[in-house]
Amino acid sequence: MDYKKGKYKVRNIKLADDGRKKIEWAESRMPVMMEFRKKYSKTKPLKGYRIAGCLHVTKETAVLVETLVAAGAYVSWSGCNPLSTQDDVAAALAKNGIPIYAWHGMNVKEFYWCIERTLDFKPNLTLDDGADLIFTIHNKYPKMAQTTVIGGTEETTTGVHRLRAMAADGALKYPVIAVNDAETKWDFDNVYGTGQSSIDGILRATSVLLAGKNFVIAGFGHCGSGVAKRAAGMGANVIITEVKPIAALKAALEGYQVMPMDQAAKIGDIFITATGVKDVIIKKHFEKMKEGAIVCNTGHYDCEINLTELAKLSKSKRLIRDNNEEYTLKNGKKIFVLAQGRLVNLAAAEGHPSEVMDMSFANQFMSQIRLAELDRNGIRLDNSVHDIPVEQDQYIAGIKLTTLGYKIDKLTKEQIHYMSDYSEGT
Ligand code: 3DD
């Protein structure tokens, strides 16, 4: 097995000490992961397993990587977005002997080259965020998908959608656990994490006042609703655009304005897409926008804002601040695009806070162990997308509560009986 411990490609290995301090900062705010690291470094349930990971290289991901290694795994890593790698964190992981291939600002060709490097050691487990790793294995190394890899995990909504479609087509060649769909991920990372980190990215790239601004959010799912709450908290006038009646109704009853993008385009000061769909903001919207409108995206891929159409409308473009490009349209109007239309929270800031990633990655960690344990017992899940067991969700929430110092009530025997009994009525 060609495990290239110590092989890596990062921006600058000399940044390792800075990265190590960031990782220590994250460790101090990820008590569940650190508890798992202490517990499983003794039993090493991942001993002998080779995990290829493709997930944003942040200080929180470094805690996940080093906890997987502490649990006995060989790990090789790439970033899942060309703009989300924190170079000092990547350097710290490389210096710690992790074969990592990731740097901020890579091009698409380099992005896939990095994914390929993580396959050099013939992984038998995959850990993905957006399914680009799983797709690469299925498309370029079908034999590896069919025989070497015993299972994988998927971090994000978009990735789970892709994989469910793949499984429905019978094209998925190994079982994948949908980490995204765990309540302790979806209801926390997507809502509180995306809510705070998207505002963080917008403010770092613009330093504009949010109070009083017309803040247009496309998509009122877990992510969009989290952003809406944080923007409203900063005094913005939140405007929601949607295609799903129920989500739109929820937004209206939360007190937000709801209207089509055609209408919102005329009044918005700041636009953020959180839909997972392509072409949400297109030519006709750019044409309607006010002078100085700020446009960004917090969805996994950079397909939600059609920058090709914006470029065709423009006579020039310049980088006016980090992660902030000023497009000057042919009629002289200026529109500002953040993070090249890629996820603004990770490209222009540091992604979600450690406290919510603690639970997302606890689910990643427990799911990898679950796949290894099933394999050791000769059990293989079917080649589809599998939910996290409810017990695991509650277990992780319980540990998190304890680490936060909270105690909760317990059902009495009578209450448990009552809940399964149907004879008692009014
Ligand atoms: N994601 C957001 N913040 C992150 C962080 N600090 N480290 C690693 C990954 C991070 C992306 C996740 O929220 C993922 O769950 C998603 O994209 O849904």
Side-chain angles (χ1 to χ4, degrees), residues 11-12 15 56 58 79 81-88 103-108 110-111 194 196-218 227 230-231 234-239 261 264-274 279-351:
R11 169 81 58 202
N12 177 359
L15 299 174
H56 307 288
T58 66
N81 184 287
L83 296 181
S84 63
T85 293
Q86 295 168 17
D87 287 326
D88 49 5
W103 56 96
H104 186 279
M106 60 175 72
N107 62 39
V108 174
E110 292 166 332
F111 174 77
T194 309
Q196 177 167 322
S197 63
S198 300
I199 301 294
D200 188 5
I202 291 169
L203 293 180
R204 292 195 201 199
T206 66
S207 88
V208 292
L209 178 74
L210 292 191
K213 290 283 186 348
N214 289 338
F215 196 107
V216 180
I217 303 170
V227 178
R230 300 305 159 229
M234 299 277 280
N237 309 312
V238 173
I239 298 159
M261 185 57 83
K266 295 176 197 151
I267 58 174
D269 298 301
I270 299 167
F271 297 79
I272 187 164
T273 55
D279 290 344
V280 175
I281 296 182
I282 57 175
K283 177 170 180 284
K284 64 177 181 174
H285 303 131
F286 295 125
E287 288 170 333
K288 295 186 176 83
M289 281 180 187
K290 298 197 291 196
E291 167 66 34
I294 294 164
V295 183
C296 66
N297 161 58
T298 199
H300 186 79
Y301 292 123
D302 64 339
C303 61
E304 305 202 25
I305 303 164
N306 192 315
L307 293 180
T308 308
E309 292 188 348
L310 178 58
K312 284 192 189 125
L313 288 172
S314 304
K315 61 184 173 189
S316 67
K317 174 178 90 168
R318 64 176 176 149
L319 188 70
I320 192 154
R321 291 174 55 108
D322 283 355
N323 297 301
N324 185 336
E325 286 175 306
E326 174 200 73
Y327 283 73
T328 303
L329 276 60
K330 287 168 185 147
N331 62 10
K333 181 167 71 176
K334 294 187 189 311
I335 290 177
F336 299 91
V337 174
L338 309 186
Q340 300 168 33
R342 290 193 179 278
L343 17 68
V344 68
N345 59 340
L346 283 145
E350 298 173 43

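Throughout, numbering of the chain's residues begins at 1 and tracks the sequence.
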- Task: Report yes if the side chains of Thr85 and Arg11 come closer than 4.5 Å at any heavy-atom pair, otherwise no.
- Result: no
- Query: Within the side chain of Asp87, is there an N or O that forms a donor-acceptor pair under 3.5 Å with the backbone of His104?
  - Reply: yes
- Intermediate values then yes/no, side-chain contact (heavy atoms from CB on, under 4.5 Å), Arg204 and Asp322: CA-CA 8 Å; Arg204 292 195 201 199; Asp322 283 355; over 6 Å; no
- Just wondering, do Leu343 and His56 contact through their side chains at under 4.5 Å, heavy atoms? yes
- Gln340 and Leu307: which non-hydrogen atoms are nearest, and at how many Å? O-CD1, 3.4 Å
- Query: If you look at every heavy atom in Phe215 and Ile199, which pair is closest and at what distance?
  - Reply: CZ-CD1, 3.9 Å
- d(Thr308 OG1, Ile282 CD1) to nearest 0.5 Å is 12.0 Å
- Message: Using a 6.0 Å cut-off, check whether atom CD of Glu350 has over 12 heavy atoms from anything other than its own residue.
- Response: yes
- d(Thr298 OG1, Glu304 CD) to nearest 0.5 Å is 9.0 Å
- Hey, what do you get for CD1 (Ile281) to CD1 (Ile305), rounding to the nearest 0.5 Å? 5.5 Å
- Search all heavy atoms of Val344 against all heavy atoms of Ala339 and return the closest pair with its distance. CA-CB, 4.2 Å
- Message: Give me the atom names and distance for the closest heavy-atom approach of Gly212 to Asn237.
- Response: O-ND2, 3.1 Å
- CZ of Arg321 to CD of Glu326, rounded to nearest 0.5 Å, is 12.5 Å
- Close side-chain approach of Met289 and Phe271, heavy atoms under 4.5 Å: yes
- Task: Grab the two heavy atoms, one from Val238 and one from Ala231, that are nearest each other, plus how far apart they are.
- Result: CG2-CB, 4.0 Å
- Message: How close do Leu338 and Cys296 get, counting heavy atoms only, and between which atoms?
- Response: CB-CB, 3.8 Å
- Note on the structure: Contacts of Lys290 meeting salt bridge (Lys or Arg N to Asp or Glu O under 4.0 Å) (sequence neighbours excluded), chain-then-number -> Asp269
- Task: Quick one: do Val227 and Ile272 satisfy side-chain contact (heavy atoms from CB on, under 4.5 Å)? Show the steps, please.
- Result: CA-CA 9 Å; Val227 178; Ile272 187 164; 4.2 Å; yes
- Message: Please check this pair: side chain of Lys330 against backbone of Lys312, looking for a donor-acceptor N/O pair closer than 3.5 Å.
- Response: yes
- Donor-acceptor pair, side chain of Asp200 and main chain of Ala349, under 3.5 angstrom: no
- Inter-residue atom distance Ile267.CD1 - Lys288.NZ, 0.5 Å rounding: 13.0 Å
- Check: Ala205 main-chain N/O paired with Asn324 side-chain donor or acceptor under 3.5 Å: yes
- Would you call Glu287 and Leu313 a side-chain contact if the rule is heavy atoms closer than 4.5 Å? yes
- Determine whether Lys317 and Val337 make a side-chain contact, defined as any pair of heavy atoms from C-beta on separated by less than 4.5 Å. no
- Item | Inter-residue atom distance Ile335.CD1 - Ile294.CD1, 0.5 Å rounding | 11.5 Å
- Would you find a donor on one side and an acceptor on the other, under 3.5 Å apart, between the side chain of Lys333 and the backbone of Phe286? yes
- Can you tell me if Asn297 uses its side chain to pair, donor with acceptor, with the backbone of Gly341 under 3.5 Å? yes
